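Here the structure is a predicted model, which means the values were calculated and not measured.
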Amino acid sequence: MTPDALATLHAAAFIESRAWSAEEIADMIAGPGGFVVTRPGGFAIGRVIADEAELITIAVAPETQRRGTGRALLADFERGALARGADTAFLEVAADNAAACALYSRAGWRQTGRRAGYYLRPSGTVDAVTMAKPLAPETGGG
């Protein structure tokens, strides 16, 4: 997908938030450690610095939501981050995004904190929930 297509999809997926421009998306992907994974109807952008990954966004087109695309993109992001040397991943999600919070929890992500008033909405602000997940498989010592 081109940055223009990614920006269009992002705007459709996040109608309550400021849309990201194609230039902003291209800069995130091209920045240090940046990468994108795509599937029909969705994409995820992440970055890996040293041994830590950040999931910057997952965007799924409204017409393909609740069909497993987000789950598949999350797994693709985790595999991509692990392949790039990350052993832990982090993300922030709007506290009012129940579907995303449930997706991350089901995939083994755990809440690590909360940022009050982080996301701007037309009606005010929403907290960000911070989450983390170990990516490297546990090795039994012994």
Distance (rounded to the nearest 0.5 Å) between Arg84 CZ and Ile49 CD1: 11.5 Å
Extract all donor-acceptor atom pairs below 3.5 Å that involve side chains of residues 26-43 and protein atoms in other chains or at least two apart in sequence.
| from | atom 1 | to | atom 2 | distance (Å) |
| --- | --- | --- | --- | --- |
| Arg39 | NE | Asp76 | OD2 | 2.7 |
| Arg39 | NH2 | Asp76 | OD1 | 3.1 |
| Arg39 | NH2 | Asp76 | OD2 | 3.2 |

Tell me the closest heavy-atom pair linking Asp4 and Ala22, and the distance in Å. OD1-CB, 3.1 Å
Under 3.5 Å donor-acceptor pairs involving side-chain atoms of residues 97-106, not counting sequence neighbours:
| from | atom 1 | to | atom 2 | distance (Å) |
| --- | --- | --- | --- | --- |
| Asn97 | OD1 | Ala100 | N | 3.1 |
| Ser105 | OG | Cys101 | O | 3.1 |

Correct closest heavy-atom pair for Leu73 and Ala59 would be CD1-O, 4.2 Å
Looking at side-chain heavy atoms only, is the closest gap between Met131 and Val129 below 4.5 Å? yes
Can you name the closest pair of heavy atoms from Leu9 and Ala61 and give their distance? CD2-N, 3.8 Å
Same cluster or not: are Leu55 and Leu6 linked, directly or through other Ile, Leu, Val, Met, Phe, Trp or Tyr residues, by side-chain heavy atoms under 4.5 angstrom apart? no
Using side-chain heavy atoms (C-beta onward) and a distance below 4.5 Å, is Ile45 in contact with Phe77? no
Quick one: does Lys133's side chain have a donor or acceptor within less than 3.5 Å of a partner on Ala107's backbone? yes
Is a donor on one side and an acceptor on the other found under 3.5 Å between the side chain of Arg66 and the backbone of Pro62? no
Heavy atoms, side chains only, cut-off 4.5 Å: are Tyr119 and Arg18 in contact? no
Checking Arg47 against Glu52 for the salt bridge (charged side-chain N to carboxylate O under 4.0 Å, His left out) test, could you report, in this order, the C-alpha distance in whole Å, the side-chain angles of both residues, the deciding distance, and whether it holds? CA-CA 8 Å; Arg47 68 176 148 221; Glu52 294 183 346; over 6 Å; no
What is the distance from atom CD of Glu92 to atom CD1 of Ile56, rounded to the nearest 0.5 Å? 10.5 Å
Shortest non-hydrogen contact between Ala94 and Val126, atoms and distance: CB-CG1, 4.3 Å
Could you tell me which residues satisfy ring pair (Phe, Tyr, Trp, His ring centres under 6.0 Å) with Phe14, sequence neighbours excluded, listed by chain and number? His10
Before giving the answer on side-chain contact (heavy atoms from CB on, under 4.5 Å), spell out for Thr88 and Leu135 the whole-Å C-alpha distance, their side-chain angles and the decisive distance to 0.1 Å. CA-CA 5 Å; Thr88 305; Leu135 299 175; 5.9 Å; no
Set of residues satisfying side chain to side chain contact (heavy atoms under 4.5 Å, CB included) with respect to Thr125, sequence neighbours excluded: Leu120
Let's go through Thr130 and Thr112 carefully: what are the C-alpha distance in whole Å and the side-chain angles of both, what is the deciding distance for side chain to side chain donor-acceptor pair (under 3.5 Å) to 0.1 Å, and is it a yes or a no? CA-CA 5 Å; Thr130 58; Thr112 58; 3.1 Å; yes
By side chain to side chain contact (heavy atoms under 4.5 Å, CB included) - contacts of Ala5 (at least two apart): Met1, Thr2
Flag if over 12 foreign heavy atoms under 6.0 Å of CD, Glu23: no
Is any side-chain heavy atom of Ile58 closer than 4.5 Å to a side-chain heavy atom of Leu91? no
What residue pairs, at least two apart or across chains, pass salt bridge (Lys or Arg N to Asp or Glu O under 4.0 Å) with a residue in residues 121-131? Asp96-Arg121, Arg114-Asp127
